[in-house]
Amino acid sequence: MNYWLMKSEPDVFGIDDLKRVKKEPWDGVRNYQARNYMRDEMKKGDKILFYHSNTDVPGVVGIMEVSKEAFPDHTSWDKKSKYFDPKSSEENPRWFMIEVKYVSKFPRTVSLQEMKDMKPLSEMKILQKGNRLSITPVTKAEFDHIVKVAAG
DNA sequence: GCCAACGTTGGC
DNA sequence: GCCAACGTTGGC
């Protein structure tokens, strides 16, 4: 099993939204590296850290898991969607997504600031300078550490 | 709102 | 294939 971290802006779609709807197709990713992770590497049952970006206290807020493996992101050929890409079509889709399932919300947010101070997380992709990728792999050790910290 | 970092686009 | 211009991300 693999472990991941996915960013989302809580104003757009946050952990509470996922908790409410239980499952959600992760549409709108328009970055090739992130797409490749979803299309090629994310497998059903993989665990994902849910990260809130662009908010008061950015950080990891809970856990979700892959409930459906890659399928074409139909918003890419929907002219009315803000994710529309003229180079993508139903016949030849350029963008893919997975479906995620709610697992749990942490009792508290593990903030970005805290994470920066944690030795076991020093290699984490999200903490490296300039990394803006919305989907990154994390190691089991990193995943477990964050879960442990969240539990107090 | 600012701005550093990065990705994409498109002219050449 | 280079690279300037532009757009986006996301912390602060």
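Because the structure is predicted, anything quoted here is derived from the model rather than measured. Below, read A as the first sequence line, B as the second, and so on, with proteins coming before strands; counting in each chain starts at 1. Note that these values count all heavy atoms, side chains included, but never hydrogens, waters or copies made by symmetry.
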- Item | Distance-only donor-acceptor check, side chains A:Ser67 and A:Glu99, under 3.5 Å | yes

- Taking all atoms of both residues into account, what is the closest heavy-atom pair of A:Met42 and A:Ile135, and its distance? SD-CG2, 4.2 Å

- Query: Is the cationic atom of A:Lys80 (NZ for Lys, CZ for Arg) positioned less than 6.0 Å from the six-membered ring centroid of A:Phe84 and within 45 degrees of its normal?
  - Reply: no

- Task: Quick one: pull up OG in A:Ser134 and CE in A:Met38 and give me the separation to the nearest 0.5 Å.
- Result: 7.0 Å

- Task: Please determine if A:Asp16 and A:Lys19 form a salt bridge, counting it only when a charged side-chain N lies under 4.0 Å from a carboxylate O.
- Result: no

- If we ignore angles and hydrogens, is there a donor and acceptor under 3.5 Å between the side chains of A:Ser88 and A:Arg30? no

- Task: Using a 4.0 Å heavy-atom cut-off, write out nucleotides 2-11 of chain C from 5' to 3' as B (base contacted by protein), S (sugar-phosphate only) or - (no contact).
- Result: -----BBBBB

- Message: Salt bridge check, A:Lys140 against A:Asp144: does any charged N sit closer than 4.0 Å to a carboxylate O?
- Response: yes

- Note on the structure: Note: for A:Lys129 and A:Tyr32 on DNA chain B, the residue whose nearest nucleotide lies more 5' is A:Lys129

- Message: Just to be sure I understand the geometry, which residues of residues 81-96 of chain A put a non-hydrogen atom under 4.0 Å away from DNA chain C?
- Response: none

- Query: Hey, would you say the A:Phe50 and A:Trp26 ring centroids sit under 6.0 Å apart?
  - Reply: yes

